Amino acid sequence: MHTSKPLSLFQHVLTKKIPSLLKSNSDKSSALSLEDTIKLLKFSADTRDFKLGRTIHAHLITSSSNVQLNVIQTNSLIHFYVKCDEISLARKLFDQMPERNVVSWSSIMAGYFHNGFALEVLNLFKSLNFGGFLCPNEYIFATVLSSCSDLRAIKEGVQCHSYVLKTGLLFHSYVKNALLHMYTRCLDMEGALRVFKSVPGSDILTYNSIINGFVENGYLSEALEVLIQMVNEYVVWDHVTYVTVLGLCAHLKDIKLGSQVHGQILKAGSESDEFVGSALIDMYGKCGKTIYARNAFDELHDRNVVLWTAIMATYSQNGCFEEALNLFPEMVLEGVQPNEYSYAVMLNSCAGLSAMRHGDMLNGHALKSGFKNYMIVANALINMYSKSGSVDHANQVFSNMIYRDTVTWNSMISGYSHHGLGREALSVFYRMLVAAEVPNYVTFVGVLSACAHLGLVDEGFYYLNQLMKDMRIEPGVEHYTCIIGLLGRAGRLSEAENFMNSRSVRWDVVAWRTLLSACHVHRNISLGKQVAENILKLDPNDVGTYILLSNMYAKARRWDGVVSIRKLMRGREIKKEPGVSWIQVKNITHVFVSEDKNHKDSIQIYDKLADILGQIKHLGYVPDIASVVHDVEDEQKEEYLSFHSEKLAIAFGLLNTPSEAPIHVIKNLRMCHDCHTAVKLISMVAQRKIIVRDANRFHCFQSGTCTCGDYW
DNA sequence: GTCCGCGGGA
């Protein structure tokens with residue numbers, strides 16, 4: 001900003017000289033001196049005062065006896081036009097200059113750089129005659145190297161590196177920092193580190209740049225190392241340092257370090273800076289501290305769209321989807337308009353809730369406001385539709401997209417996979433390869449799980465051992481878990497077990513549970529027991545394992561086993577979560593707990609259920625009363641089964657939705673075997689598509705079959 | 001005398 005001294009000078013010029021200038025330009029005594037015009041032009045440039053600058057320009061043309069302006073005047077004019085984003089006017093002046101000095105070149109190049117035309121900077125640089133008078137200086141290289149950063153032009157950047165090394169320009173801090181930044185943007189952290197270590201004189205910008213580069217490229221321990229060095233050298237931090245270091249804390253999930261930085265921020269009085277504020281919210285959010293994030297948000301008074309989106313993202317990332325969604329109207333009420341990021345966060349919150357109606361509404365909003373064209377919004381829409389059960393709608397969004405990135409393709413592939421539509425998932429994957437989009441780690445999780453659904457064992461191993469290797473993607477525990485699922489589904493349980501024993505992978509609960517599921521489906525009790533023991537060693541409170549184990553015994557009619565598991569659970573004070581299902585009808589979410597008679601339409605729902613269960617009995621449905629372990633009469637056992645929450649929700653859906661509409665139900669636990677059989681038949685009798693999202697996957701029931709192929 | 005570098009939300 002300006003100091004008070006030049007301001008008073010300009011005030012003098014503005015009040016005394018400009019009025020007289022505008023009155024008459026024949027009065028020589030009131031004409032501006034050369035120094036004054038240049039100072040005025042700088043003032044116009046700094047304040048982006050286009051009108052004032054234009055006036056000075058006009059004055060220069062009319063008052064000058066010479067038609068040509070001198071180089072310095074023209075340079076000042078170029079700089080002024082550049083600062084007012086009038087790059088073509090600046091270029092016109094530049095082209096008309098009979099002779100140019102190095103400042104003329106650096107001014108026009110900086111102009112192009114700041115207006116986003118980095119390529120034009122490199123073109124100008126190439127046309128600059130090195131051999132002649134003009135010798136590029138530190139200004140030129142700072143701008144050229146920044147343009148290389150924008151373009152990720154590492155080759156040109158390295159050429160500049162050798163030139164500035166030879167000429168000694170590298171020892172200008174501007175050049176050094178621009179070069180270092182170039183390497184970090186081109187993802188060459190070794191190059192950045194070489195510059196950092198070999199060129200003396202690191203300032204706060206150097207530290208900010210290198211730490212930020214390390215964080216963005218995932219080298220967290222290296223970033224921490226530089227941070228420690230910076231602290232030891234007593235470098236004074238600025239706002240950017242706070243933002244950068246908070247980003248590091250967020251990635252490390254290091255709440256202790258983050259709190260210390262927060263303390264420094266408060267001491268420095270920087271807490272009201274919007275960049276610092278959003279970084280604070282993000283840090284607390286990533287560390288799982290939603291309340292601290294909310295406090296930081298509430299402390300701020302000028303809350304822009306970024307801050308609102310940051311706090312919504314915090315809630316969403318921590319599973320508080322409703323809180324995230326509820327902030328939206330609050331934000332709009334405060335006069336802040338959402339942008340593409342806000343829509344993405346909101347849609348992902350809808351995905352978490354399977355709230356398709358809400359998501360539909362946001363889709364409409366995004367369409368009207370033009371944000372649907374943003375890739376992140378479209379990607380979030382695909383995710384929302386497939387996670388709330390309508391993979392067809394997801395595909396519609398996908399098909400209408402003109403540009404797609406890796407996330408787009410991945411979302412569609414894993415969307416189909418979650419729905420058990422392996423063929424469709426693989427077909428999208430092949431189209432991705434044809435479109436020359438490069439698959440990544442996530443892509444193959446979707447592809448391998450599609451193979452698992454289709455039982456394509458050989459193909460699965462081909463993708464894992466061959467294609468991923470060719471594409472230099474290191475397989476992780478998620479991929480290996482898909483392989484376990486693949487072998488398990490094919491009934492090759494001992495191979496799956498051997499696979500787990502032969503790989504030195506840190507197997508997690510998800511992997512073991514996959515094997516346990518396979519044991520459950522294929523009724524391999526001895527292996528299942530062993531696997532369950534492994535899981536309970538990792539997490540003795542894993543309720544899902546107890547339930548799966550007990551279901552496995554039930555399926556095999558081993559009631560002694562069921563009783564022993566129940567006893568074990570009681571002993572360890574582990575409670576089975578009650579089954580809850582919910583369904584959205586006309587923007588209202590109706591929640592059903594098993595044996596629940598609290599709904600206001602309870603009587604009609606039970607009537608409908610009795611009716612439809614009667615119908616499917618004609619088709620051969622026999623309630624699996626043996627699976628009910630309560631010690632009661634058979635008649636009552638049948639009642640227990642018919643009151644399972646998903647059956648209640650489906651009956652409600654049949655009563656309250658149009659006859660063609662698919663019924664979407666979400667359940668907190670896995671579907672039980674009896675419900676699965678019943679719903680298959682209901683889909684036939686009622687001629688409805690019924691989609692159930694359970695704790696594990698999607699089941700899409702239609703005409704008597706389910707997309708899970710009875711394997712879950 | 002005139003020109004130059006680092007940062008936030010999915």
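Keep in mind that what you see is a predicted model, and the values were worked out from it rather than measured. Throughout, protein chains are lettered first and strands after them, A, B, ... in sequence-line order, and every chain is numbered starting at 1.
At the heavy-atom level, A/Val345 lies under 4.0 Å from the strands shown only through sugar-phosphate atoms. Within 4.0 Å (heavy atoms only), A/Ala110 reaches sugar-phosphate atoms of the nucleic acid but no base atom. Across all strands, A/Thr74 comes closer than 4.0 Å to no nucleic acid atom at all (heavy-atom distances). When heavy atoms are screened at a 4.0 angstrom cut-off, A/Val240 is found touching base atoms of the nucleic acid. Using a 4.0 Å heavy-atom criterion, one finds that A/Asp203 contacts the bases of the nucleic acid, with or without backbone contacts as well.
Taking the side chain as every heavy atom from C-beta outward, A/Val144 and A/Met109 approach each other to under 4.5 Å.
Rounded to an integer number of Å, the gap from CD1 of A/Ile265 to C1' of B/dG8 is 12 Å. In this structure, the CD1 atom of A/Ile204 is 13 Å from the P atom of B/dG7, given to the nearest Å. Counting to the nearest Å, the P atom of B/dG9 and the CG atom of A/Leu280 are 12 Å from each other. Rounded to a whole Å, the CE atom of A/Met346 is 14 Å from the C1' atom of B/dG9. At whole-Å resolution of the value, CD1 in A/Ile211 and P in B/dG7 are 13 Å apart. The CE-P distance, from A/Met312 to B/dG9, rounds to 14 Å in whole Å.
A close approach under 4.0 Å does not occur between any side-chain nitrogen or oxygen of A/Lys176 and OP1 or OP2 of B/dC4. Note on A/His181: every side-chain N or O is 4.0 Å or more away from OP1 and OP2 of B/dC4. Phosphate proximity of B/dA10 to A/Gln317: present, with a side-chain N or O under 4.0 Å from OP1 or OP2. Within the 4.0 Å cut-off from OP1 or OP2 of B/dT2, not a single side-chain nitrogen or oxygen of A/Lys39 is found. For B/dG7, neither phosphate oxygen OP1 nor OP2 lies less than 4.0 angstrom from any side-chain nitrogen or oxygen of A/His239.
In this structure, the ring of A/Trp308 has its center no less than 6.0 angstrom from the ring center of A/Phe328. Checked against the 6.0 Å centroid threshold, A/Phe141 and A/Tyr163 count as a close aromatic pair.
In this model, no side-chain donor or acceptor of A/Asn212 finds a partner on the base of B/dG8 within 3.5 Å.
Side-chain proximity of A/Phe275 to the nucleotides B/dG7, B/dC3, B/dG5 is greatest for B/dG7. Distance from the side chain of A/Asp273 is smallest for B/dG7 among the nucleotides B/dG7, B/dG8, B/dC3.
For A/Tyr174 and B/dG5, the ring-to-base geometry does not satisfy the stacking test (centroid distance below 5.5 Å, interplanar angle below 30°). Evaluation of A/Tyr139 against the base of B/dC4 yields no stacking contact (centre distance < 5.5 Å, interplanar angle < 30° required).
Of the candidates A/Arg91, A/Arg54, A/Glu86, A/Tyr81 forms a side-chain hydrogen bond (donor to acceptor under 3.5 Å, both in side chains) with just one, namely A/Arg54.
Judged by distance alone, the side chains of A/Asp405 and A/Thr408 do bring a donor and an acceptor atom under 3.5 Å apart.
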